[in-house]
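Structure record follows, encoded as structure tokens.
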Amino acid sequence: QLEYVFCSHAHEDHVGGLPSVLAVYPTHAVYAPTRTYASKAFDDFVYYADQQRLEITIPSPGDSWTLGETSVTVLGPVQSYADPNDTSIILRVEYGDTSFLFTGDMETSAENDMLDYWGSRMSWETDVLKVGHHGSDTSTGYRFLNEVSPDYAVISVGKGNAYGHPHEQPLSRLKQAGVTILRTDELGTIVARTDGKEVTFTWDNQSANPENAEPAQPVQFIGNVNSHKFHSPDCANLPTGKNRIIFDTYEEAIDAGYTPAEAASGDGRKYAPDTGIMTVSGAFNYFLIKIKDFNQEIVSHAAVVIMHEKVY
């Protein structure tokens, strides 16, 4: 069962996957910046919301939700716009001392309107920025980037796309600001995890590395073929050689039916079993965020789906 579904805005590459989500999962509430838009993809989105007798809610700046120790807050848009990109719902997700900012396709003028609206009431500094509009030069302006001051920027973009995304201008701005850039067209699916204190990343294409950063060594996980548990490489209770199976990613181990021993994490460290784990991944032209906090999980697919389920 899904608690909340957020559609960032009405364009097909952002709403197109949500009809399938609503067709399968019972949902408590659906949010979007509009209730009408002239496209089959959006009509399908509305149809499946209607099938569940859900009215699409248009959120307001400042609306927020608390899930365990995780908070989700709407920061924009702060006014009406004719361009659907500028109507993108902007979400700030905080877990412990770490934060993520999701910007949809919002463009520079609307970014500045949002900064003006909040003024000194909002601290914009963010650990991870989902770069606006797939790295288009229409978004991630100097003023906005200076306020957000991210450590990491994730660009969700299709390889060889017809728009030439990401454009050189925002890439240059990010590099000048000393931001580590992770691109799904280069790295494949990108996964970030946080224990509430720091954020670490893994990705599919292990022959590639983030831009503007020191090369990182990919982490492997070691499974026990008897217990079907998997361990971080530095675990004190690794299985013997004949009982081992190696997984290149955390997700590969989960997909194989293994469960984490001592809550193995994607950066090779061990956390207590009740510690929250946040996962952010992007692949091609969609972006997926999961925040696992006890028995709650948030999933975003070019929008955000919030649901309750047992994680382990």
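If you read the sequence from its start, that first residue is 1, and numbering goes on from there.
Taking Y142 as the reference, nothing meets the ring-ring contact (aromatic ring centres under 6.0 Å, His included) condition, with sequence neighbours excluded. Applying the salt bridge (charged side-chain N to carboxylate O under 4.0 Å, His left out) rule to R92 yields the partners E94; only residues at least two apart in sequence or on another chain are considered. Residues satisfying the side chain to side chain contact (heavy atoms under 4.5 Å, CB included) criterion with P77, sequence neighbours excluded, are Y81, M106. Considering only residues two or more places apart in sequence or on other chains, R143 meets the side chain to side chain donor-acceptor pair (under 3.5 Å) condition with D116. Among residues two or more places apart in sequence or in another chain, the salt bridge (charged side-chain N to carboxylate O under 4.0 Å, His left out) test is passed with E186 by R183. Looking at residues two or more places apart in sequence or on another chain, you find a side chain to side chain donor-acceptor pair (under 3.5 Å) between D105 and H9, H14. Looking at residues two or more places apart in sequence or on another chain, you find a side chain to side chain contact (heavy atoms under 4.5 Å, CB included) between S139 and E107, E111, H133. Scored by the side chain to side chain donor-acceptor pair (under 3.5 Å) test, T180 finds no partners at all (sequence neighbours excluded). Scored by the salt bridge (charged side-chain N to carboxylate O under 4.0 Å, His left out) test, E168 finds no partners at all (sequence neighbours excluded). Under the side chain to side chain contact (heavy atoms under 4.5 Å, CB included) criterion, Y117 pairs with P61, V78, R121, sequence neighbours left out.
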Cut-off 3.5 Å, no hydrogens considered: what does the side-chain donor-acceptor table look like for residues 222-229, sequence neighbours left out?
residue: N224; atom: OD1; partner: N226; partner atom: N; Å: 2.8
residue: N224; atom: OD1; partner: S227; partner atom: N; Å: 3.2
residue: N226; atom: ND2; partner: N243; partner atom: OD1; Å: 3.2
residue: S227; atom: OG; partner: K229; partner atom: N; Å: 3.3
residue: K229; atom: NZ; partner: T259; partner atom: OG1; Å: 3.4

Taking only distance into account, with no hydrogens and no angle test, what donor-acceptor pairs under 3.5 Å do side-chain atoms of residues 47-58 form with protein atoms, sequence neighbours excluded?
residue: Q52; atom: OE1; partner: T27; partner atom: N; Å: 2.7
residue: Q52; atom: NE2; partner: L22; partner atom: O; Å: 2.8
residue: Q52; atom: NE2; partner: Y25; partner atom: O; Å: 2.9

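Counting non-hydrogen atoms of other residues, nucleotides and ligands closer than 6.0 Å to NZ of K40 gives a total of 12 or fewer. Within 6.0 Å of CD on E12 lie no more than 12 heavy atoms contributed by other residues, nucleotides or ligands.
Taking every heavy atom of both residues into account, V199 and Y152 meet most closely at O-OH, 3.9 Å. In this structure, C7 and I89 approach most closely via the heavy-atom pair O-CD1, 3.5 Å.
Taken to the nearest 0.5 Å, the CG atom of D137 stands 5.0 Å off from the NE2 atom of H167.
F6 and Y4 have tilted rings, their planes meeting at an angle from 30° to 60° on a 0 to 90° scale.
Counting heavy atoms from C-beta on, the side chains of F201 and P210 never come closer than 4.5 Å.
Under the 3.5 Å distance criterion, with hydrogens and angles disregarded, no donor-acceptor pair is assigned to the side chains of N161 and H134.
With hydrogens and angles disregarded, no donor-acceptor distance shorter than 3.5 Å links the side chain of T98 to the backbone of E198.
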